Amino acid sequence: MSKHEQEILSLVNLRGTITVVELAQTLDVSDQTIRRIVKPMEERGVVRKVHGALISTQEVMDPPFLARMNKNRAAKVAIANCVADLVQDGSSLAIDTGSTSGYVAQALRRRKNLTIVTNSAYIASTLSMVEGNRVFMAGTQLRNHDGAAFDRAAFDVVASLTVEHAILSASSVHPTRGFLAFDQCEIDIARAMIDISARTVMAVDATKFSASGSLPSLRMPELRADDVVVVDQSPGAAFSDLIDPKQLVVAASQ
């Protein structure tokens, strides 16, 4: 499979459906080139073409990370594109391992000359092959369910850098307990990324906001005055004490 075929397949599988025009813009080639590359892919059945768009033929996969990336796909894509709009060419970023962060990495491929530190093998591989980017993979031992590193080396690499933006996700959000995660290592890496950043961008879809039910017990660091929360829908008045309206950015629907 050629490099362009791999990139197209990755984008189609992540988005579920994507237009030929969007693919051409993302890969910086003509519509005709996309159609030429896609034709044999369609014949092999790895993508399906309909009305000027490509549709994924991929079923939801078993590994938890890939399964999470298939949940609320449209919302995560909208959030990812909004986050990418907040980032300028030449920016420096720390990015965590959440599924929404995986979509952010895809959206950031349209930016140039980024410096990225991440403890996610998926995000590192997504952004490292973009010409002009510098990517620092934080860690050596990867978890088998999401390809994330939380060993001592991961924290050492993160601590050695200074970045403009820390792009983080959360397992859930509670109006009084704040942004929550399941594992202490996720809290610790979030804190490490916040410590090296000038601003935190929390990327959280609407399904994560809940005032009741079973929630993770571990709190992430509180937002700072200049931090931003990017969502696909406004979380409502119940969360107004947690998130200042000036910090809230609602992504446009795709």
Side-chain angles (χ1 to χ4, degrees), residues 71-112 114-118 123 127 158 161-182 186-213 215-254:
K71 291 182 66 176
N72 307 313
R73 192 182 259 174
K76 292 175 181 178
V77 168
I79 290 169
N81 285 324
C82 184
V83 172
D85 289 340
L86 300 175
V87 175
Q88 303 299 314
D89 291 346
S91 295
S92 55
L93 312 97
I95 308 177
D96 75 0
T97 63
S99 58
T100 304
S101 297
Y103 284 97
V104 171
Q106 286 289 340
L108 287 172
R109 288 175 63 86
R110 70 175 187 261
R111 295 289 176 227
K112 299 177 181 178
L114 300 177
T115 298
I116 301 106
V117 59
T118 183
I123 290 170
L127 290 169
V158 171
L161 298 167
T162 301
V163 299
E164 296 166 80
H165 311 281
I167 298 175
L168 307 177
S169 53
S171 299
S172 64
V173 189
H174 187 270
T176 58
R177 293 166 59 194
F179 296 89
L180 307 172
F182 287 104
E186 294 171 348
I187 300 293
D188 293 341
I189 203 74
R191 182 176 290 108
M193 290 181 171
I194 290 170
D195 286 346
I196 66 166
S197 69
R199 179 174 74 163
T200 298
V201 178
M202 294 294 305
V204 190
D205 72 76
T207 64
K208 301 292 180 64
F209 289 85
S210 176
S212 60
L215 293 169
S217 59
L218 301 174
R219 296 185 183 185
M220 298 178 69
E222 294 182 0
L223 296 177
R224 299 167 296 187
D226 293 332
D227 293 342
V228 174
V229 182
V230 180
V231 297
D232 57 308
Q233 299 176 32
S234 176
F239 292 85
S240 59
D241 289 340
L242 176 67
I243 305 170
D244 190 302
K246 296 190 294 292
Q247 296 175 306
L248 194 65
V249 179
V250 180
S253 58
Q254 301 297 299

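Every value quoted in this text rests on a predicted model; they were computed, and no experiment measured them.
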| Going by heavy atoms in the side chains, are Asp227 and Met202 under 4.5 Å from each other? | no

| Just by distance, with hydrogens left out, do His174 and Ser172 show a side-chain donor and acceptor under 3.5 Å apart? | no

| said: We want to know whether Thr200 and Arg224 form a side-chain donor-acceptor pair, criterion being a heavy-atom distance below 3.5 angstrom. | reply: yes

| said: How long is the straight-line distance from CG of Leu86 back to CG of Asn81, given to the nearest 0.5 Å? | reply: 11.0 Å

| task | Calculate, to the nearest 0.5 Å, the distance between atoms CG and OG belonging to Leu161 and Ser197 respectively. | result | 12.0 Å

| task | Locate the shortest heavy-atom distance separating Leu218 from Phe182; write the atom from each residue and the value. | result | CD1-O, 3.4 Å

| field | side chain to side chain donor-acceptor pair (under 3.5 Å) involving Arg219 - partner list, sequence neighbours excluded | value | none

| Shortest non-hydrogen separation from Leu242 to Pro175 and the atoms involved | CB-O, 3.7 Å

| field | Flag side-chain contact, heavy atom, 4.5 Å: Asp96 against Thr118 | value | no

| query | When you check the side-chain N and O atoms of Ser171 and Lys208, is any donor under 3.5 Å from an acceptor? | reply | no

| said: Restricting to non-hydrogen atoms, name the atom on Gln247 and the atom on Ala225 that form the minimum distance, rounded to 0.1 Å. | reply: NE2-O, 3.6 Å

| said: Please give me the minimum heavy-atom distance between Ala78 and Ala251, naming the atom from each residue. | reply: O-CB, 3.4 Å

| query | If you measure from CD1 on Ile95 to CG on Leu127, what distance do you get to the nearest 0.5 Å? | reply | 5.5 Å

| Is atom CG of Asp226 surrounded by more than 12 heavy atoms (other residues, nucleotides or ligands) closer than 6.0 Å? | no

| message | Please give me the minimum heavy-atom distance between Lys76 and Ser99, naming the atom from each residue. | response | NZ-OG, 2.9 Å

